[in-house]
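Here is the structure we will look at, set down as structure tokens.
Atoms within a ligand are numbered from 1 in the order they appear, just like the ligands themselves. Values in this document were obtained by computation on a predicted structure and should not be read as measured data. Side chains included, hydrogens not; waters and symmetry mates left out as well; all remaining heavy atoms used.
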Amino acid sequence: MNNIVLSCNGVAKSYNDGALNVQVLNGLNLQVGEGQSVSIIGASGSGKSTLLHILGGLDMPTSGSVNLMGNDLGKLNQKQLGDLRNRYLGFVYQFHHLLPEFSALENVMMPLLIGKKPKAEAEAQAAEMLEKVGLKARMLHRP
Ligand SMILES: Nc1ncnc2c1ncn2[C@@H]1O[C@H](COP(=O)(O)OP(=O)(O)OP(=O)(O)O)[C@@H](O)[C@H]1O
Ligand SMILES: [Mg+2]
């Protein structure tokens with residue numbers, strides 16, 4: 001396989017809901033290589049979102065480990081996790097979470113600005129991305 005960019009090892013997740021313990025993930029191993037596309041398929045409630053949150057460092061597994069670009073997520077603090085997410089991860093949610101008071105261009109620029117990219121550079125890069133997906137004419141529109 002190509003370089004591994006994302007992997008997890010023995011990931012388990014359970015939720016404690018009062019007296020009920022729900023075991024959602026149980027010893028899950030996964031490796032994703034550079035340039036690879038992977039789909040996670042399963043019935044509603046089977047744990048897809050739970051897994052994505054854990055792979056993205058938004059939630060921690062009950063046991064097991066996750067590695068993103070050579071970093072063991074369990075060993076990072078919130079600031080380091082945030083930096084890593086900002087650089088290497090993108091989430092497309094079921095429902096859009098755009099910032100209503102900003103234009104499409106500004107919404108796309110936001111992660112770059114948070115990542116401390118100079119404004120002109122962020123703007124050029126965001127414009128290029130929007131053009132790629134056919135949204136050039138909508139760049140200055142709000143959501
Ligand atoms: N915070 C929580 N506390 C208790 N149980 C939870 C919590 N979050 C999720 N669960 C339970 O964990 C299981 C997996 O939920 P999850 O949302 O990961 O499923 P899913 O595969 O993404 O479902 P869907 O296809 O409907 O999006 C479900 O049984 C759900 O009720
Ligand atoms: Mg889900």
Measure the spacing between [atom1] of [X] and [atom2] of [Y] and express it to the nearest 0.5 Å.
X	Y	atom1	atom2	value
L130	M109	CG	CE	11.0 Å
T62	Y15	OG1	OH	8.5 Å
L113	E123	CG	CD	9.0 Å

- Message: Using a 4.0 Å cut-off on heavy atoms, what residues surround ligand 1? Order them by chain and number.
- Response: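 Y15, V24, A43, S44, G45, S46, G47, K48, S49, T50.
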- Message: Among residues at least two apart in sequence or on other chains, which ones pass salt bridge (charged side-chain N to carboxylate O under 4.0 Å, His left out) with K75?
- Response: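 Residues passing salt bridge (charged side-chain N to carboxylate O under 4.0 Å, His left out) with K75: D72.
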- Query: Do N71 side-chain atoms and M69 backbone N/O form a donor-acceptor pair below 3.5 Å?
  - Reply: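 Yes, because the side chain of N71 sits within donor-acceptor range (under 3.5 Å) of the backbone of M69.
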- Message: Using modelled atom types and a 3.5 Å cut-off, is there a donor and acceptor pairing between side-chain atoms of N77 and backbone atoms of Q80?
- Response: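 Side chain of N77 to backbone of Q80, a donor-acceptor pair under 3.5 Å: yes, one is there.
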- Message: Can you confirm whether more than 12 heavy atoms, excluding those of E101, are under 6.0 Å from its CD atom?
- Response: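 Above 12, so yes.
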- Query: How would you list, by chain and number, every residue that makes a side-chain contact (heavy atoms from CB on, under 4.5 Å) with V11, sequence neighbours excluded?
  - Reply: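 Applying side-chain contact (heavy atoms from CB on, under 4.5 Å) to V11 gives C8, L25, L28, I54, P61, V66.
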- Item | Contacts of the Mg ion (ligand 2) with protein N/O/S atoms, counting only those under 2.8 Å |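 You should have found S49 OG.
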- Message: I'd like to know if R87 pairs up with D83 as an ion pair, taking the criterion as any Lys NZ or Arg NE/NH1/NH2 lying under 4.0 Å from an Asp or Glu carboxylate oxygen.
- Response: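 Looking at R87 and D83, the cut-off is not met.
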